[in-house]
Amino acid sequence: VPGDMHYSFGDKHNEELPHISGPAWTFFDKMVVTKPGDEPPILDGETLPETTKESSARKKSGSNGEFSPENIYSFSYNSMYFDFPYWRLVNLPTANMDLKTFWRDSALRIVVYENQNNGNNDSEK
């Protein structure tokens, strides 16, 4: 799992639900920050207007970014390995894999939250 990403298939007591988490600033392929008064990008299935150079610089920055509740954030994520509509992994060296194997019929939840690091690698929401 790259960088600051974390995953879990959950536990048998449902105290920890299955999840994959990581810093949004470096995780998403494209990100557009719209300031108050500006028009956000149209979400029509086309690529968001962040350039490849801007995206690469953001991802390589190692930063967690600065998020403000006044802004609108538009994100996109693409992978040749995830087939979200059919809920499976594809293009693997072995065979395609149904994600229900791990998550059964659980809903996919995309949640963005901020962790505040207190200096000793423990985080608080």
Side-chain angles (χ1 to χ4, degrees):
V1 176
D4 292 333
M5 294 193 68
H6 166 78
Y7 71 93
S8 170
F9 295 119
D11 63 22
K12 64 182 178 182
H13 303 292
N14 285 330
E15 292 175 6
E16 181 175 47
L17 298 176
H19 66 276
I20 301 171
S21 66
W25 193 258
T26 55
F27 175 77
F28 289 104
D29 293 326
K30 300 284 184 176
M31 179 187 302
V32 175
V33 180
T34 305
K35 303 286 184 187
D38 291 343
E39 192 71 27
I42 295 172
L43 303 178
D44 59 1
E46 296 297 317
T47 301
L48 290 172
E50 182 182 45
T51 67
T52 302
K53 185 177 179 180
E54 291 167 333
S55 174
S56 180
R58 175 178 47 80
K59 289 178 175 187
K60 289 179 182 176
S61 73
S63 170
N64 285 330
E66 291 186 30
F67 293 92
S68 169
E70 289 106 30
N71 297 331
I72 297 172
Y73 297 89
S74 304
F75 306 103
S76 70
Y77 175 77
N78 297 293
S79 171
M80 65 182 274
Y81 300 106
F82 286 105
D83 183 349
F84 287 111
Y86 292 99
W87 199 230
R88 63 185 181 176
L89 295 173
V90 296
N91 300 317
L92 301 174
T94 55
N96 293 345
M97 183 179 297
D98 190 335
L99 287 170
K100 288 182 181 180
T101 302
F102 304 107
W103 280 284
R104 294 177 294 284
D105 289 323
S106 297
L108 170 64
R109 296 175 183 92
I110 299 175
V111 179
V112 177
Y113 61 91
E114 184 177 12
N115 279 346
Q116 297 295 324
N117 193 320
N118 64 14
N120 63 3
N121 287 340
D122 291 334
S123 297
E124 298 176 14
K125 288 184 186 173

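Values below: all heavy atoms of this structure, side chains included; hydrogens, waters and symmetry mates excluded. Numbering of residues begins at 1 and proceeds along the displayed sequence.
Residues Phe67 and Ile72 fall into different hydrophobic clusters, defined by Ile, Leu, Val, Met, Phe, Trp and Tyr side chains chained together at heavy-atom separations under 4.5 Å. Hydrophobic clustering of Ile, Leu, Val, Met, Phe, Trp and Tyr side chains at less than 4.5 Å, counting indirect connections, unites Leu92 with Leu99.
Between the side chain of Asn91 and the main chain of Met80, a donor-acceptor pair closer than 3.5 Å is present. Proximity of a side-chain donor or acceptor of Ser61 to a complementary backbone N or O of Arg58 within less than 3.5 Å is detected.
Residues that satisfy the side-chain hydrogen bond (donor to acceptor under 3.5 Å, both in side chains) test with Thr101, not counting sequence neighbours, are absent from this structure. Taking Asp98 as the reference, nothing meets the side-chain hydrogen bond (donor to acceptor under 3.5 Å, both in side chains) condition, with sequence neighbours excluded. Residues satisfying the ring pair (Phe, Tyr, Trp, His ring centres under 6.0 Å) criterion with Tyr77, sequence neighbours excluded, are Phe27. With sequence neighbours left out, the side-chain hydrogen bond (donor to acceptor under 3.5 Å, both in side chains) criterion links Tyr73 to Asn71.
Other members of the hydrophobic cluster containing Leu43, listed by chain and number, are Val32, Leu48; membership follows side-chain contacts under 4.5 Å among ILVMFWY residues, whether direct or relayed.
Using cut-offs of 30° and 60° on the angle between ring planes, the pair Trp87 and Phe84 is tilted.
Taking both residues in full, the closest heavy atoms of Pro36 and Glu70 are given as CG-O, 3.5 Å, listed atom of the first, atom of the second, then distance. Listed here is the closest heavy atom pair of Asp83 and Val90: CB-CG1, 4.0 Å.
Applying the side chain to side chain donor-acceptor pair (under 3.5 Å) test to every pair with at least one member in residues 24-45, sequence neighbours left out, gives these pairs: Asp29-Lys59.
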